[in-house]
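Lettering follows sequence order; numbering is per chain, from 1.
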Amino acid sequence: MRYWLMKSEPDEASIDDLAHAPHRTLPWTGVRNYQARNFMRDTMRVGDGVLFYHSSCPEPGIAGLAHVSSTAYPDPTQFDSKSPYYDAKSTHENPRWMLVDVVFEKKCALIPLAALREHEALADMRVLAKGNRLSITPVTEAEWTFITNHLM
DNA sequence: GCCAACGTTGGC
DNA sequence: GCCAACGTTGGC
């Protein structure tokens, strides 16, 4: 069992969108970064915990909890020439981009980025590291426990 | 809109 | 394999 922080732009997919999706589940489409893809493809397991993070928005921060609900499979948007995530170099035989499904657990009062930075226990969180741009980052069990027990 | 930081591309 | 140029991310 591992833990992750996954960034989503709420204009595209917010915690409310996840809560109201069929089966409260969304495929994590649109990741086009190899490191983030590798986490989904190689390291994530069904049941892993997910901190659902809103990024590129007026109030960036953790908006709720989810968990991984599928193993990795090809991101269908890479084959869709009308999608902004279309990748002409990817083929069905050799898909470049993989994703997992994520299922809603709960919404919480938004934990702003600035609030996360206030806690010594979270000082080493990957998402808080200077210059971090990865949309999927590992979360330690200690960080997960601190956030879910003390900030939610 | 700015800009720091980082990832990718492609010429050599 | 190097690295300059370019594109993207994402907080502010």
Side-chain angles (χ1 to χ4, degrees), chain A residues 2-21 25-44 48-68 70 72-140 142-144 146-148 150-152:
Chain A
R2 298 175 195 269
Y3 305 95
W4 306 92
L5 181 142
M6 298 176 79
K7 294 181 187 172
S8 182
E9 300 189 13
D11 284 352
E12 285 212 21
S14 69
I15 190 73
D16 291 322
D17 294 330
L18 183 63
H20 297 118
T25 298
L26 286 174
W28 207 262
T29 52
V31 169
R32 295 294 180 267
N33 169 282
Y34 290 105
Q35 226 182 319
R37 178 205 66 183
N38 293 348
F39 282 142
M40 290 197 284
R41 187 189 63 187
D42 304 333
T43 318
M44 281 189 181
D48 281 2
V50 173
L51 300 169
F52 193 106
Y53 181 94
H54 286 175
S55 71
S56 295
C57 58
E59 282 192 300
I62 294 169
L65 293 183
H67 63 261
V68 175
S70 80
Y73 62 95
D75 180 343
T77 64
Q78 71 195 303
F79 307 123
D80 176 3
S81 60
K82 295 184 188 67
S83 166
Y85 301 121
Y86 178 64
D87 184 344
K89 294 179 183 165
S90 188
T91 65
H92 284 86
E93 294 70 32
N94 195 10
R96 181 179 291 194
W97 304 110
M98 307 290 280
L99 53 67
V100 298
D101 290 341
V102 167
V103 60
F104 177 82
E105 247 166 64
K106 74 169 187 177
K107 183 180 179 177
C108 66
L110 190 95
I111 309 169
L113 185 57
L116 296 173
R117 294 192 190 283
E118 289 172 3
H119 299 283
E120 185 60 30
L122 304 179
D124 294 330
M125 267 191 97
R126 281 282 290 279
V127 74
L128 302 182
K130 181 181 165 76
N132 171 72
R133 295 189 316 170
L134 254 191
S135 65
I136 299 176
T137 49
V139 172
T140 67
E143 290 161 353
W144 174 273
F146 183 86
I147 290 168
T148 55
H150 299 293
L151 302 184
M152 290 187 176

Chemist: Check whether any side-chain nitrogen or oxygen of A:K7 sits under 4.0 Å from OP1 or OP2 of C:dG10, and answer yes or no.
Modeler: yes

Chemist: Taking OH from A:Y34 and C1' from B:dC6, how many angstroms apart are they, rounded to a whole number?
Modeler: 16 Å

Chemist: Using whole Å, report how far CZ of A:R32 lies from C1' of C:dG10.
Modeler: 19 Å

Chemist: Could you give the CG-to-C1' distance, from A:L128 to C:dG10, as a whole number of Å?
Modeler: 14 Å

Chemist: To the nearest 0.5 Å, how far apart are NE2 in A:H67 and CG in A:D48?
Modeler: 10.0 Å

Chemist: Please give, in whole Å, the distance from C:dG10 C1' to A:R117 CZ?
Modeler: 11 Å

Chemist: Without decimals, in angstroms, what is the distance between A:L113 CG and C:dG10 C1'?
Modeler: 10 Å

Chemist: Are A:R37 and A:D75 close enough for a salt bridge, meaning some N to O gap below 4.0 Å?
Modeler: no

Chemist: Is A:K130 close enough to B:dA5 that one of its side-chain N or O atoms is under 4.0 Å from OP1 or OP2 there?
Modeler: yes

Chemist: Write down the distance between CG (A:N132) and P (C:dG10), rounded to a whole number of angstrom.
Modeler: 8 Å

Chemist: Would you check if the distance from the ring center of A:W97 to the ring center of A:Y34 is below 6.0 Å?
Modeler: yes

Chemist: Whole Å only: how far is the CD1 atom of A:I136 from the P atom of C:dG10?
Modeler: 11 Å

Chemist: With the side chain of A:R133 defined as its heavy atoms from C-beta on, choose the nearest nucleotide among C:dT8, B:dT8, C:dG10.
Modeler: C:dT8

Chemist: To the nearest Å, give me how far apart CD (A:E9) and P (C:dT8) are.
Modeler: 13 Å

Chemist: Is A:Y85 near enough to C:dT8 that one of its side-chain N or O atoms lies under 4.0 angstrom from OP1 or OP2?
Modeler: no

Chemist: Is a side-chain donor-acceptor pair under 3.5 Å present for A:D101 with A:W28?
Modeler: no

